[in-house]
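Heads up: numbering here begins at 1 and tracks the sequence. Atoms within a ligand are numbered from 1 in the order they appear, just like the ligands themselves.
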Amino acid sequence: MDADLVVVGSGLFGLTIAERVANDLGKRVVIVERRSHIGGNAWSETEPITGIEVHRYGAHLFHTSNEKVWDYVNRFTSFTGYQHHVYTTHKGVVFPMPVNLGTINQFFSAAYRPDQAKALIKEQSQELGNKEPSNFVEKGISLVGRPLYEAFFMNYTAKQWQTEPENLPASIVSRLPVRYTYNNRYFNDTYEGLPTDGYGAWLTRMIDNPLITVLTETDFFDDSHEYSKSKVVGTVPVVYTGPVDRYFDYVEGDLSWRTIDLEEEVLTDTGDFQGTSVMNYADLDVPFTRIHEFRHFHPERHYPTDKTVIHREYSRFAKRDDEPYYPINTDDDRAKLAKYRELAASEPEVIFGGRLGTYKYLDMHMAIASALMTYETVLRPHFNDGDPVK
Ligand code: FAD
Ligand code: NA
């Protein structure tokens, strides 16, 4: 065994752990990665016909207000000044997102000032009187009123869940974003941008240390290699960032996830398909939820002007062999998760981390912050002072 630490999964959680333990402590790290590349869902590649950078697992926008995370990521890449904006198509008309004063005035063909728009939406949201909302539709109406809810939220959400709106539980919506200004910046964080040379270059730089070995196309549960679960657990500390239910052979049942399908198309009859990076489709007559056009993430690059590449995004429940993307988090899931956490706590020297290992949706900056915390509070004290791993 040529490792002081085995990391399972090379997403941002695993890469951050490996980078710190190798660069800060001089320890040997082996990363086991099932896919053919590192980087987890943040990975990007150049689409060969257009030369345009494509985010393989769905568009990734970097944003954070955490100074420590911002300093950390800037060691490996600089960031462009990209600021994210989203639009939506409803009944053949394009509106700015998230719903803001511009959206409201365009929708009602009006010129409301903020207080007037607030009063209108308040009045519309009282349609059901004092009745406790009994499902997703009534909940939505009680939050933003029927007109905005039906136009911009109801069918989009139904498409995300592939379920009739009437059959969705009220609990999946607790608030719906509406802004009473014309600000349509998607993120409110202090720092935002895209890695100047791409995600692939950023993530590859994180493991540029001979102390880090990456084994791609290597599954932790496949016993035919030296770093499998049965060979390493109990022998060397492990950071596991795969699905927690899979680790325990699903003994407590499957946790539920949503996944997405991306349909890629290279267009050679135009250099600009939609004039912006993300267009949502709010209505049921279009089967996909949104279209991403990757050239618009990097207006500063010299991409060809006669071709472009898009992804149509479809959303659905994940089956066991699909990529798990968004935790659904029903009451049933939470009960299972509590049992998996108990099992995880008694697993010798195995730390469960990241999105899949904790069954939590984490943005990139959150995965990095969580990994830095694990490093500082558990791994560094372990390697420096012999503290137990848990
Ligand atoms: P992952 O990136 O999922 O990495 C886990 C890795 O473990 C994978 O590479 C997987 O192959 C590997 N693995 C699993 N099981 C095994 C096994 N048995 N053996 C070996 N390897 C295994 N964040 C943002 O900040 N901005 C965004 O715009 C954004 N958009 C997103 C869009 C989508 C569709 C998704 C799914 C996520 C998005 N995120 C975004 C979140 C971002 O991808 C996460 O922060 C990041 O994935 C978390 O990293 P991670 O290391 O926890 O998990
Ligand atoms: Na995204």
Looking at Asp71 and Arg75, is there a salt bridge between them, counting it only when a charged N and a carboxylate O are closer than 4.0 Å?
no
Closer than 4.0 angstrom, basic N to acidic O: yes or no for Arg56 and Glu264?
yes
Assess whether atom NZ of Lys131 is packed by more than 12 heavy atoms of other residues, nucleotides or ligands within 6.0 Å.
yes
Can you find an N or O of Phe13 that's nearer than 3.5 Å to an N or O of ligand 1?
yes
Are any of the N/O atoms in Tyr57 less than 3.5 Å from those in ligand 1?
no
Does any N or O atom in Val8 lie less than 3.5 angstrom from one in ligand 1, N or O only?
no
With ring pair (Phe, Tyr, Trp, His ring centres under 6.0 Å) as the test, pick out the partner of His55 among Trp43, Tyr199, Phe62.
Tyr199
So, Gln274 and Tyr87: side-chain donor and acceptor under 3.5 Å apart, yes or no?
no
Do the numbers put Arg320 on top of the ring of Tyr250, so that NZ or CZ is under 6.0 Å from the six-membered ring centre and no more than 45° off the axis?
yes
Can you check whether Tyr361 has an N/O within less than 3.5 Å of an N/O in ligand 1?
yes
What I want to check is whether the side chains of Glu47 and Thr50 have a donor and an acceptor closer together than 3.5 Å.
yes
Do Tyr326 and Thr259 have side-chain N/O donor and acceptor atoms under 3.5 Å apart?
no
For ligand 1, note which part of Ile260 has a heavy atom under 4.0 Å away: side chain, backbone, both or neither.
side chain
Would Arg28 and Asp2 pass as an ion pair if we require N to O under 4.0 Å?
yes
Ligand-side contact atoms (ligand 1) for residue partner Leu61, heavy atom cut-off under 4.0 Å
24 (C), 25 (O), 26 (N), 27 (C), 28 (O)
Mind checking whether Gly242 has an N or O less than 3.5 Å away from an N or O of ligand 1?
no
Look at atom CZ of Arg113 and say whether more than 12 heavy atoms of other residues, nucleotides or ligands are closer to it than 6.0 Å.
no
Within a distance under 4.0 Å of any heavy atom of Val32, pick out the atoms of ligand 1 and give their elements.
20 (C), 21 (N)
Any heavy atom of Gly40 closer to ligand 1 than 4.0 angstrom?
yes
Does the pair Lys27/Asp24 count as a salt bridge with the N-to-O cut at 4.0 Å?
no
Does a donor on one side chain and an acceptor on the other come within less than 3.5 Å for His90 and Asn280?
no
Out of all atoms in ligand 1, which are within 4.0 Å of some heavy atom of Thr218? Include the element for each.
19 (N), 20 (C)
Applying a heavy-atom cut-off of 4.0 Å, say which part of Leu362 lies close to ligand 1: side chain, backbone, both or neither.
backbone
Ala59 touching ligand 1 at heavy-atom level, < 4.0 angstrom
yes
Under 4.0 Å from a heavy atom of Asp219: give me the atoms of ligand 1 that qualify, with their elements.
17 (C), 18 (N), 19 (N)
Within ligand 1, which atoms have a heavy atom of Gly354 less than 4.0 Å away?
52 (O)
May I ask you to check whether Arg355 has an N/O atom sitting below 3.5 Å from an N/O atom of ligand 1?
yes
So, is Asp363 polar-close to ligand 1, with some N/O to N/O distance under 3.5 Å?
yes
Going by heavy atoms, is Ile38 under 4.0 Å from ligand 1?
no
Can a non-hydrogen atom of Trp43 be found less than 4.0 Å from any atom of ligand 1?
no
Could you tell me if any non-hydrogen atom of Phe221 lies under 4.0 Å from any atom of ligand 1?
yes
Closest to atom 34 (C) of ligand 1 by heavy-atom distance, out of Phe187, Tyr326, Tyr186, Tyr240, is Tyr326
